There are 2 protein chains.
Amino acid sequence: MVSEKVTSNDVARLAGVSQSAVSRFFTPGTSVSKRTAEKIKAAADELGYRPNVLARSLITGKSRIIGLVVAYLENYFYPDVVERLSRLLQDKGYHVLVFISSLAADKVEEITQEILDYQVDGIVLASANMSSELAARCHASGVPIVLFNRLQDDEKLSAVTSDNRGGGRMLALHLAETGRRRIAYIAGFEGASTQRDRERGFREGLDEAGQALFARDVGNFRYEEAQAAARRLFAAPEAERPDAVFVCNDHMAFAVMDVLRFELNLTIPGDVAVVGFDDVPPARWPSYNLTTIRQSVDDMVAETVATLLSAIEGDVSPARRVCLPGALVVRGSSQPAKPI
Amino acid sequence: MVSEKVTSNDVARLAGVSQSAVSRFFTPGTSVSKRTAEKIKAAADELGYRPNVLARSLITGKSRIIGLVVAYLENYFYPDVVERLSRLLQDKGYHVLVFISSLAADKVEEITQEILDYQVDGIVLASANMSSELAARCHASGVPIVLFNRLQDDEKLSAVTSDNRGGGRMLALHLAETGRRRIAYIAGFEGASTQRDRERGFREGLDEAGQALFARDVGNFRYEEAQAAARRLFAAPEAERPDAVFVCNDHMAFAVMDVLRFELNLTIPGDVAVVGFDDVPPARWPSYNLTTIRQSVDDMVAETVATLLSAIEGDVSPARRVCLPGALVVRGSSQPAKPI
DNA sequence: AACGGCTTTGCATACGTATGAAAGGCGAAG
DNA sequence: CTTCGCCTTTCATACGTATGCAAAGCCGTT
């Protein structure tokens with residue numbers, strides 16, 4: 001607390017101009033004469049002056065802060081999202097205020113209120129659902145929201161997702177085509193739209209291929225629960241075990257692979273094919289070498305930012321729902337092991 | 001932009017009291033009579049009023065925002081840090097503004113300026129170094145800084161680290177005790193204190209055990225570069241290859257293990273022992289089952305927050321350097337394979 | 001009924017900036 | 001030399017809140 005804060009008034013005094021001149025100098029899009037600009041610059045440099053963003057926000061009504069709500073970073077899809085989103089927004093002069101939420105809905109409510117307290121210009125909701133009532137309140141406050149990697153019934157909410165249904169379908173067809181006949185599914189958290197859509201697409205794909213789901217269990221997007229689900233699914237006698245598993249995301253797929261290989265001594269893809277969803281970095285590490293659906297974080301983030309910024313800049317068009325295509329990435333965990 | 005913002009004045013008018021009364025009602029530690037409290041509460045609820053944190057900051061000089069500078073979330077140690085740090089600070093009424101920095105020092109400078117623009121109450125510097133000059137400026141602004149998981153020469157900076165030197169030593173002794181005789185090291189980014197301290201402790205440990213470092217290469221904390229380093233280290237004829245590698249962090253250790261197993265067909269720990277540092281979640285996944293030093297993220301975060309908050313609350317004591325002990329976690333990647 | 005102490009309330013101002021309106025400056029055209 | 005118009009600059013005010021100070025209210029005591 002040694003130094004006093006230096007304000008635009010201090011600069012103005014030193015430069016021999018008015019405070020407004022200083023303000024104008026630091027506000028892009030306004031003009032000052034070359035002469036005063038130089039005086040102000042010199043004075044500002046000497047004092048180490050920088051405008052107070054908070055005070056500015058108070059009067060402009062724009063904080064240049066984006067609230068990001070995220071429930072867990074354990075799934076390595078999200079750190080990547082946080083990093084790229086921050087970077088992109090930084091480039092555009094915004095910054096990210098992080099709010100970690102639990103999965104519980106009432107927590108989300110509380111958290112969102114806290115976010116609004118900071119007068120954020122926009123909100124990215126990355127791993128939590130939000131009540132329609134809350135969404136309405138945000139909308140009423142004029143704060144745009146973009147759902148990231150999830151959908152909600154509320155038609156008023158913008159959302160960016162990848163094509164979870166299409167991805168699920170591709171995986172089903174891939175497994176069927178490579179000769180799998182007892183295909184199981186390990187679900188994520190049932191409340192998540194990604195879970196629902198992936199499962200739905202997967203079932204549709206199986207249907208197309210003339211198959212039905214052989215078995216199903218739930219892993220709730222957690223490593224340990226996915227391990228447990230795998231143990232249950234493979235507790236049956238050998239002939240009645242699945243010969244393929246679609247695990248709802250890569251993070252859980254790693255857990256399943258570890259159980260199959262190191263607890264049950266099964267080979268992948270020899271005995272069982274495993275496929276996931278997301279294409280997080282470890283999926284391409286040789287230890288896992290996991291067939292999966294690539295969601296382009298870059299594209300998703302870019303769309304999110306575009307949607308958010310256009311809404312912030314006054315675009316009152318109705319909610320924008322972007323669904324980006326995913327790509328099937330075939331790797332070693334699902335090579336055809338049992339040709340028909 | 002449908003609704004107008006509701007201010008303390010609106011509430012005051014509706015409740016039939018003064019604006020100061022409303023302010024007092026929402027400021028902890030001040031008192032209002034029960035009667036007016038009720039009127040204000042009713043009015044505030046009706047209007048959906050919540051205090052504007054930014055306006056409050058302007059006058060109190062406290063924003064309750066903590067700036068977090070982090071360079072990359074690719075190493076899964078950091079997502080965990082972000083999550084726990086955010087959670088803990090949230091509980092204390094603070095929030096985290098994230099700044100992603102590149103490793104370049106000038107970027108850090110720029111970023112830190114941006115942080116200061118937001119009038120943050122404190123800064124956590126998690127994966128980037130900062131010039132002493134910049135540190136001085138922050139100090140002058142009265143903004144406390146805590147270095148997380150790194151150290152700097154500047155004695156004025158508080159820092160929280162785990163005992164990197166001691167951890168390196170433990171790993172060296174462990175490898176020597178389990179019979180390894182050609183022990184190599186793959187370094188992280190040379191500019192990082194964690195890299196320096198871990199290597200130093202490791203060399204000291206080898207020395208104690210009467211050994212010298214057999215080979216050394218650099219992986220710069222990146223997966224791909226660590227792969228390349230592993231390839232170089234093991235390009236020698238079989239008898240001249242290392243029989244153990246300490247990789248400066250787990251993230252790179254995974255890359256090394258993948259190269260050894262899947263490119264060179266070596267067994268771990270049979271042909272080569274691999275040990276890492278951090279104990280990130282994948283280290284205990286059976287595929288890697290990596291011997292490593294556990295850094296307790298929880299403890300580190302707790303110390304960081306404690307240091308930061310005490311400084312914010314006016315503690316002018318000199319910089320506080322906390323060094324937390326790490327624990328050797330012996331797993332399958334280093335079991336004694338060649339008993340003496 | 002008057003007084004003293006304590007709590008509650010309202011008034012006024014301050015925080016650091018942006019911005020509309022008004023005033024000033026300067027050159028060109030007449 | 002005057003007048004007009006444009007570009008700069010200043011003045012004044014506003015943003016939404018917290019807080020010192022003085023006024024007002026309350027309650028028990030003498």
Side-chain angles (χ1 to χ4, degrees), chain A residues 1 3-41 43-44 47-65 93 116-121 141-142, chain B residues 1 3-41 43-44 47-65 93 116-121 141-142:
Chain A
M1 299 296 186
S3 89
E4 318 302 321
K5 324 216 146 207
V6 28
T7 76
S8 57
N9 265 308
D10 302 330
V11 177
R13 206 172 306 125
L14 180 60
V17 299
S18 73
Q19 180 267 328
S20 347
V22 178
S23 169
R24 293 217 155 80
F25 177 74
F26 282 99
T27 308
T30 55
S31 59
V32 277
S33 73
K34 194 158 185 183
R35 239 177 65 82
T36 52
E38 277 163 7
K39 286 196 291 185
I40 293 174
K41 178 153 182 17
L47 298 176
Y49 169 77
R50 306 208 86 206
N52 180 330
V53 176
L54 267 40
R56 172 179 287 176
S57 307
L58 190 55
I59 191 157
T60 61
K62 299 281 158 200
S63 61
R64 303 198 81 79
I65 296 178
L116 292 178
D117 293 348
Y118 279 91
Q119 312 296 115
V120 296
D121 291 345
S141 312
Chain B
M1 300 294 186
S3 88
E4 318 301 320
K5 325 216 145 204
V6 28
T7 77
S8 58
N9 265 307
D10 302 331
V11 177
R13 206 172 306 125
L14 180 60
V17 298
S18 74
Q19 180 267 328
S20 350
V22 178
S23 168
R24 293 210 162 85
F25 177 75
F26 281 98
T27 308
T30 55
S31 59
V32 275
S33 72
K34 192 158 185 182
R35 240 176 65 83
T36 52
E38 277 163 7
K39 285 195 292 186
I40 292 173
K41 176 150 181 23
L47 297 176
Y49 169 76
R50 308 207 86 207
N52 180 332
V53 176
L54 267 40
R56 172 178 289 175
S57 308
L58 190 55
I59 191 158
T60 60
K62 299 281 156 200
S63 62
R64 302 199 81 80
I65 297 178
L116 292 177
D117 293 348
Y118 279 92
Q119 313 295 115
V120 296
D121 291 345
S141 311

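Excluded from the calculations below are hydrogen atoms, water molecules and symmetry mates; all remaining heavy atoms, backbone and side chain alike, are included. Protein chains get the first letters and strands the later ones, always in sequence-line order, with residue 1 at the start of each. What you see is a predicted model, and the numbers here were worked out from it, not measured in a lab.
- Computed from coordinates, the K5(B) NZ to dT17(D) P distance equals 10 Å when rounded to whole Å.
- Place R24(A) and S8(A) on DNA chain C by their nearest nucleotides, and S8(A) ends up nearer the 5' end.
- V22(B) comes within 4.0 angstrom of no nucleic acid atom, judged by non-hydrogen atoms across all strands.
- Remark: C1' of dG10(C) and CZ of F25(B) are 18 Å apart, rounded to the nearest angstrom.
- A straight line from CD of E38(B) to C1' of dT8(C) spans 15 Å, rounded to a whole angstrom.
- As rounded to whole Å, 15 Å separates atom C1' of dA18(D) from atom NZ of K62(B).
- The base of dC15(C) has none of its N or O atoms less than 3.5 Å from a complementary donor or acceptor on the side chain of S57(B).
- Remark: the S18(B) side chain and the dC11(C) base include no donor-acceptor N/O pair separated by less than 3.5 Å.
- The S33(B) side chain lies nearest to dT9(C) when the options are dT17(C), dT9(C), dG16(D).
- Where T60(A) and T36(B) each meet DNA chain C at their nearest nucleotide, the meeting point lying more 5' is that of T36(B).
- The side chain of I59(A) has dG16(C) as its nearest neighbour among dC15(C), dG16(C), dA12(D).
- Rounded to whole Å, atom P of dG16(C) lies 15 Å from atom CG of L116(B).
- With distances taken from any side-chain atom of S20(A) to the nucleotides dT10(D), dA14(D), dA18(D), the minimum falls on dT10(D).
- Not one N or O on the side chain of D117(A) forms a donor-acceptor pair closer than 3.5 Å with the backbone of V53(B).
- Checking V32(B), I40(B), V17(B) one by one against R24(B), the side-chain contact (heavy atoms from CB on, under 4.5 Å) holds for a single residue, V32(B).
- Among the nucleotides dA18(C), dG16(D), dA18(D), the one closest to the side chain of L58(B) is dG16(D).
- Between Y49(A) and dT17(C) there is a side-chain polar atom (N or O) within less than 4.0 angstrom of OP1 or OP2.
- A donor-acceptor pair is defined here as one N or O able to donate and one able to accept, closer than 3.5 Å; such a pair exists between the side chain of D121(B) and the backbone of S63(B).
- To the nearest angstrom, C1' of dA14(D) lies 14 Å from CG of N52(B).
- Distance R35(A) CZ to dG24(C) P: 19 Å, rounded to the nearest Å.
- Closest of all the heavy-atom pairs between L47(A) and V6(A) is O-CG1, 3.7 Å.
- At distances below 3.5 Å, not a single donor-acceptor pair connects side-chain atoms of S8(B) with backbone N or O atoms of Q19(B).
- Going from atom CZ of F26(B) over to atom P of dT19(D) covers 15 Å, rounded to whole Å.
- Residue A55(B) is the one, among A55(B) and A21(B), whose nearest nucleotide of DNA chain D lies closer to the 5' end (criterion: closest heavy atom).
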